[in-house]
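No hydrogens, no waters, no symmetry mates; every other heavy atom, side chains included, goes into these values. Counting from 1, the numbers follow the sequence of the chain as shown.
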Amino acid sequence: MRVADAVTEVASRADTPHGLLRVTAPSILAEVQLIPLLSNFADLYPRIRIDLQITDRTVDLVQDRIDVAIRIANHLDPSLIAKRLGQCPSRLYASPRYLTAYGIPTRPEDLNAHRCLTYTHLGGTEWTLKNHEAQIVVPVMGGFQTNDALALKCAALSDLGIAMLPRFAADPEVETNKLVVVLPDWEPTTLGIHALYVSRRHLPMGARALIDFLATQLRDK
């Protein structure tokens, strides 16, 4: 009987998601949303170990041996399999001190006269904004650009200028009066949050568990 119980236990453990899972995610999503969720995930799947590679650059999943890439984008690599986890609306933000010093834009064209903080992976020197009536592409420039979205948020908090940031990362700063929404009637294009992987057939059980978990946690946030 004890041998049979042991065999059953081994089979049960084999069917439980386990092992090392290599995941990559952009810095702002990792810090604000992903890492806080991993505590609950670890409680559900204690035999899964997460190796989180935080980078805003596009990673080659095969070359870097990544099981799951979490990306904020609408245009995805067609060679990869994607599952939409949620959406990422953005807005324009600046600190109260910056707006006191340089004025508050009232229309998109006013951004030409402002210090606009740019993110090299998205938007660059042009921002596309839309309201319920129109869409406009605005050329922007300023004295600061970065390839790290967390640094972009820090720059806005440090009074350097106006930044385009995800609402999940910046709205809490509005509630504490550290940032102000600029041009509230105009918003950038909403992006999707996706999990990307190479193969359905060879997707580890742990990767599937993480993707399903994040899909329930990030849906419609």
Side-chain angles (χ1 to χ4, degrees), residues 14-42 44-45 47-90 118-128 130 135 137 145-153 164-170 187-221:
D15 290 337
T16 302
H18 63 279
L20 178 65
L21 189 61
R22 291 176 58 83
V23 180
T24 183
S27 59
I28 202 162
L29 181 67
E31 178 172 297
V32 179
Q33 290 197 311
L34 184 57
I35 292 175
L37 291 174
L38 289 180
S39 176
N40 289 338
F41 182 76
L44 291 171
Y45 301 100
R47 298 183 64 212
I48 295 177
R49 294 178 293 121
I50 300 289
D51 179 358
L52 180 60
Q53 304 293 312
I54 298 176
T55 177
D56 285 16
R57 70 178 178 86
T58 299
V59 173
D60 185 314
L61 273 65
V62 175
Q63 181 176 329
D64 293 317
R65 297 180 293 110
I66 297 296
D67 296 303
V68 181
I70 312 298
R71 290 182 184 158
I72 301 174
N74 284 345
H75 302 290
L76 304 170
D77 186 340
S79 68
L80 299 175
I81 300 168
K83 178 178 176 61
R84 187 180 178 92
L85 303 176
Q87 61 180 6
C88 179
S90 299
T118 54
Y119 179 51
T120 53
H121 292 296
L122 181 66
T125 58
E126 290 185 338
W127 288 350
T128 300
K130 62 180 180 179
Q135 179 171 294
V137 178
Q145 69 174 6
T146 179
N147 64 350
D148 185 294
L150 276 176
L152 193 69
K153 176 184 172 182
M164 181 189 300
L165 295 166
R167 292 191 61 172
F168 69 74
E187 294 188 357
T189 302
T190 296
L191 303 177
I193 303 175
H194 298 86
L196 303 178
Y197 52 97
V198 175
S199 168
R200 286 190 179 90
R201 182 176 180 181
H202 300 291
L203 186 67
M205 291 176 62
R208 171 54 62 191
L210 178 64
I211 291 169
D212 291 344
F213 172 80
L214 292 178
T216 62
Q217 298 298 313
L218 297 178
R219 184 184 301 127
D220 299 328
K221 274 197 172 185

On a heavy-atom basis, the closest approach of Val59 and Thr55 is CG2-CG2, 3.5 Å
Residues Ala69 and Leu61: closest non-hydrogen pair is CB-CD1, 3.8 Å
With rounding to the nearest 0.5 angstrom, report the CD1 to CG distance, Ile28 to Leu150. 5.0 Å
Can you sort out the partners of Thr58 under side-chain contact (heavy atoms from CB on, under 4.5 Å), two or more places apart, ordered by chain and number? Arg71
Closest approach of Ala215 to Lys83 (non-hydrogen atoms, all atoms of both residues): CB-CE, 3.8 Å
Of all heavy-atom pairs linking Val68 and Ala207, the shortest is CG2-CB, 3.6 Å
Quick one: do His194 and Leu76 satisfy side-chain contact (heavy atoms from CB on, under 4.5 Å)? Show the steps, please. CA-CA 9 Å; His194 298 86; Leu76 304 170; 3.6 Å; yes
Only pairs at least two apart or in different chains count here, so list each salt bridge (Lys or Arg N to Asp or Glu O under 4.0 Å) that has a residue in residues 191-216. Arg208-Asp212
For Leu37 and Leu218: C-alpha separation, side-chain torsions, deciding distance, then whether side-chain contact (heavy atoms from CB on, under 4.5 Å) applies. CA-CA 10 Å; Leu37 291 174; Leu218 297 178; 3.9 Å; yes
Ala25: which residues meet the side-chain contact (heavy atoms from CB on, under 4.5 Å) condition with it, sequence neighbours left out? Ala30, Leu34, Leu52, Ile70
The reported gap from OG1 in Thr16 to CE in Met205 (rounded to nearest 0.5 angstrom) is 6.5 Å
Heavy-atom neighbours of Glu31 CD exceed 12 at 6.0 Å: no
Can you name the ring pair (Phe, Tyr, Trp, His ring centres under 6.0 Å) partners of Phe41, sequence neighbours left out? Tyr45, Phe213
Can you sort out the partners of Ala151 under side-chain contact (heavy atoms from CB on, under 4.5 Å), two or more places apart, ordered by chain and number? Thr146, Asp148
Closer than 3.5 angstrom, by distance alone: can the side chain of Asp67 be matched with the main-chain N or O of Leu203 as a donor-acceptor pair? no
Non-hydrogen atoms of Leu38 and Ile50 that approach each other most closely: CD1-CG2, 4.4 Å
Kindly write out the residues that satisfy side-chain contact (heavy atoms from CB on, under 4.5 Å) with Arg49, not counting sequence neighbours, or none if the list is empty. Leu20
Step by step, would you call Ile72 with Leu29 a side-chain contact (heavy atoms from CB on, under 4.5 Å)? CA-CA 8 Å; Ile72 301 174; Leu29 181 67; 4.1 Å; yes
side-chain hydrogen bond (donor to acceptor under 3.5 Å, both in side chains) partners for Thr216, two or more places apart: none
Go through the structure and list residues passing side-chain hydrogen bond (donor to acceptor under 3.5 Å, both in side chains) with Asp56, not counting sequence neighbours. Ser27, Tyr119
Walk me through whether Leu210 and Leu21 qualify under side-chain contact (heavy atoms from CB on, under 4.5 Å). CA-CA 9 Å; Leu210 178 64; Leu21 189 61; 3.8 Å; yes
Could you give all pairs that pass the salt bridge (Lys or Arg N to Asp or Glu O under 4.0 Å) test and reach residues 18-29, with sequence neighbours left out? Arg22-Asp51
Quick one: closest heavy-atom pair of Cys88 and Ile193, and the distance? CB-CG1, 3.9 Å
For the OG1 atom of Thr118 and the CD atom of Gln145, what is their distance to the nearest 0.5 Å? 4.5 Å
Is there side-chain contact between Val23 and Ile66, with at least one heavy-atom pair below 4.5 Å? no
